Amino acid sequence: MPDKKTKRPLISSKTRRMLDKRALAEAGGGPERLAAQKASGKMAARERIDMLVDDDSFEEVDALVETKSTDFGLDKKYLAADGVVTGFARINGRLVCIYSQDFTVMGGSLGLAHAMKICKVMDMAVTAGVPVIGLCDSGGARIQEGVESLGGYAEIFYRNVRASGFVPQISAILGPCAGGAVYSPALTDFIIMVDGTSHMFITGPGVVKAATGETCDFESLGGADTHSRLSGVAQFVAGSEQDCFRQIRELLDYLPQNCRETAKPNMAGDDPLRESATLERVSELEAKKSYQVHAVVWEIADGHQFFEVHKNFARNIVCGFIRLDGESVGVVANNPQVLSGALDIDASEKGARFINFCDAFNIPLLTLVDVPGYWPGLEQEHGGIIRRGAKLLYAYCRASVPLVTVVLRKAYGGAYDVMSSKHIRGDINFAWPCAEIAVMGPQGAVNILYKTELAKAADPEKRRAELVREYVAKFASPFQAAKHGYIDEVIEARKTRPKVIRAFRFLKGKKVEPLPKKHGNIPL
Ligand code: HXC
């Protein structure tokens, strides 16, 4: 019944008390701190959730949780929602669990109650089989709570690992992320950083200076550019928080809710039989002419849409999501414009991680091959290209999702084997007519095979050119491989899209029975 004067519904004193408590929790660190948060170019924790999720879909849990800690006067302070807003919501209609750290409440620092709120929504995500999204903005372990806050972090790390491969986990870094706190995002599937306002590091510039004498600032040490381009820690960079939330929504669209499901199809209305004159032109380029592999991906994909992952890191390999006939597909492609598309340590790790993710979440893989081999050099050998390059091989060999491969041009040496070849259980392997599948390129092969003959030849250069021509005619083609059945079909480049769509349709029921072992031993 409404109040006669105010016309508002009458509420009991108990309900009023509850609403007052809620209002206090929702006020965060108060107007001054919220203003400071805005002034530093950051949104408030609740605003972030509102912007990310579907309208009116957020259901908060644990708003009234408070710390039990009493040291350093914590018993006399009220920490709204203990510095983290948690709950579940819908994004594009799909359920997700969310936590959003509130920097206005003690710098978003993580005490035990704060940690256990995060743990609760992670547990809920596992129970319901829905993705977890963390919006991180925190000064790290709450110093006043000592080992309790360290324990709280460890509880989160444990759950990150337990949920890994079961539900997708996405971390948005929207402020500082320091010390051991970086390891929760690092254990999740994707990290997205906002340019200019987010930083991740194990030790800050001051400690770096004291320990190593190196001078750096927050940005060069752990800004979005550093982590997306150099270290590879972050898969995505956003220009603003709004852009960050847009990217998360787009990314989620390609993913299933959990490892027992497949991503929902999304029909863009693109013709599955669409042929491409652009691909034909690429295949007719001179062998030494480079091309943009992204253009090849766009031509194959529904609606020419490609959602690239790890765009700025190890650009010699390109990874990301497309849709084919509406189905979500992961793409791995060598990029001839960077290091001639050769595989190095970073590319191997980037590719392996992406393949592992797709395999864990039933996303089929399309591999586009144009690879001259592994990148040579002392730096690579001493950096562990043998151990770290093996990760890519391991990831492909272990993958049990449908694997369709197209050799666009070069597939040389060990890299031919690695890039989803038939031998490591590529399911359907195509090649363009211009493909060159061989142990090595013509020049290198002739130098080794005919070393003695060339040394004795009257005109070594003329003889070399003849031998290279002979080698090219015999080996630098897809036909030797096709003869052995290592290539299922040599296809016209213009028909690549319809061919791969049919291949994936055929493979939809693929099942691989794993050996009854505990788990393999990936070369870490
Ligand atoms: C308690 C903290 C805090 C923390 C910040 N605050 N970090 N309180 N524990 N870890 C409080 C500040 O005292 C301040 O409170 C408010 O949050 C805002 O902080 P400011 O310093 O005023 O903000 P700003 O200038 O923007 O600097 C942000 C910052 C800085 C760069 C994050 O606060 C900072 O360096 N904090 C410590 C970072 C850190 O070393 N954390 C521990 C990492 S080790 P008032 O009341 O004054 O507004 C770690 C271990 C995890 O996390 C291990 C897991 C295994």
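All residue numbers refer to positions in the sequence shown, counting from 1. Keep in mind that what you see is a predicted model, and the values were worked out from it rather than measured. The figures that follow rest on heavy atoms only: side chains count, while hydrogens, waters and symmetry mates do not.
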**Asked** For the side chain of Ser220 and the backbone of Asp217, is there at least one donor-acceptor N/O pair under 3.5 Å apart?
**Response** yes
**Request:** Spell out, as yes or no, whether a donor-acceptor pair under 3.5 Å connects the side chain of Ser228 to the backbone of Ala234.
**Result:**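 No; judged by distance alone, with no hydrogens or angles, the pair does not exist.
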State whether the number of non-hydrogen atoms from other residues, nucleotides or ligands found under 6.0 Å of [X] atom [atom1] is greater than 12.
X      : atom1 : value
Arg425 : CZ    : no
Leu230 : CG    : yes
Phe157 : CZ    : yes
Gln242 : CD    : no

**Request:** Can you label the angle between the His199 ring and the Phe218 ring as parallel, tilted or perpendicular, going by 30° and 60°?
**Result:** tilted
Heavy-atom closest pair, residues [X] and [Y]:
X      : Y      : value
Val85  : Ala45  : CG2-CB, 4.1 Å
Pro185 : Ser171 : CA-OG, 3.4 Å
Pro523 : Ala390 : CG-CB, 3.7 Å
Tyr254 : Ser328 : O-OG, 2.7 Å
Asp195 : Glu219 : OD1-OE2, 4.1 Å
Glu241 : Lys42  : OE2-CA, 3.4 Å

**Prompt:** Does NZ or CZ of Lys350 come closer than 6.0 Å to the centre of the six-membered ring of Phe313, within 45° of the ring's axis?
**Reply:**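 Here Lys350 fails the 6.0 Å and 45° test against Phe313.
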**Request:** With sequence neighbours excluded, tell me which residues meet salt bridge (charged side-chain N to carboxylate O under 4.0 Å, His left out) with Asp243.
**Result:** Arg246
**Request:** Could I get the full list of salt bridge (charged side-chain N to carboxylate O under 4.0 Å, His left out) partners for Asp56, not counting sequence neighbours?
**Result:** none
**Request:** Check the pair Asn362, Thr262 against side chain to side chain donor-acceptor pair (under 3.5 Å), reporting the backbone distance first and the verdict last.
**Result:** CA-CA 6 Å; Asn362 311 314; Thr262 51; over 6 Å; no
**side chain to side chain donor-acceptor pair (under 3.5 Å) partners of residues 509-524, not counting sequence neighbours, each pair once** =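 Every pair satisfying side chain to side chain donor-acceptor pair (under 3.5 Å) with a residue in residues 509-524: Asp427-Lys510.
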**Message:** Among Leu95, Val96, Ile91, which residue satisfies the side chain to side chain contact (heavy atoms under 4.5 Å, CB included) criterion with Pro131?
**Reply:** Val96
**Asked** Considering the options Leu252, Asp253, Val53, which one meets the side chain to side chain contact (heavy atoms under 4.5 Å, CB included) requirement together with Asn92?
**Response**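 Among the candidates, only Asp253 passes.
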Electrostatic pair [X]:[Y] at N-O distance under 4.0 angstrom:
X      : Y      : value
Asp50  : Arg46  : no
Glu327 : Lys508 : yes
Arg497 : Asp302 : yes
Asp359 : Arg398 : no
Lys117 : Asp82  : no
Glu145 : Arg142 : yes

**Request:** Report the C-alpha separation of Glu155 and Arg159 in whole Å, then their side-chain angles, then the decisive distance to 0.1 Å, and conclude whether the salt bridge (charged side-chain N to carboxylate O under 4.0 Å, His left out) test is met.
**Result:** CA-CA 6 Å; Glu155 291 287 342; Arg159 283 169 175 81; 2.9 Å; yes
**Asked** Which is it for Phe190 and Phe357 under the ring-ring contact (aromatic ring centres under 6.0 Å, His included) test, yes or no, and what are the steps along the way?
**Response** CA-CA 10 Å; Phe190 297 103; Phe357 177 82; 4.7 Å; yes
Side-chain contact, heavy-atom cut-off 4.5 Å: [X] with [Y]?
X      : Y      : value
Gln37  : Asp137 : yes
Val331 : Val318 : no
Val237 : Met193 : no
Cys358 : Phe321 : yes
Arg94  : Lys264 : no
Leu403 : Thr367 : no
Asn334 : Leu343 : yes
Arg502 : Phe506 : no

**Request:** Evaluate the criterion salt bridge (charged side-chain N to carboxylate O under 4.0 Å, His left out) for residue pair Asp20 and Arg16; output intermediate values, then yes/no.
**Result:** CA-CA 6 Å; Asp20 288 348; Arg16 165 59 48 212; 3.4 Å; yes
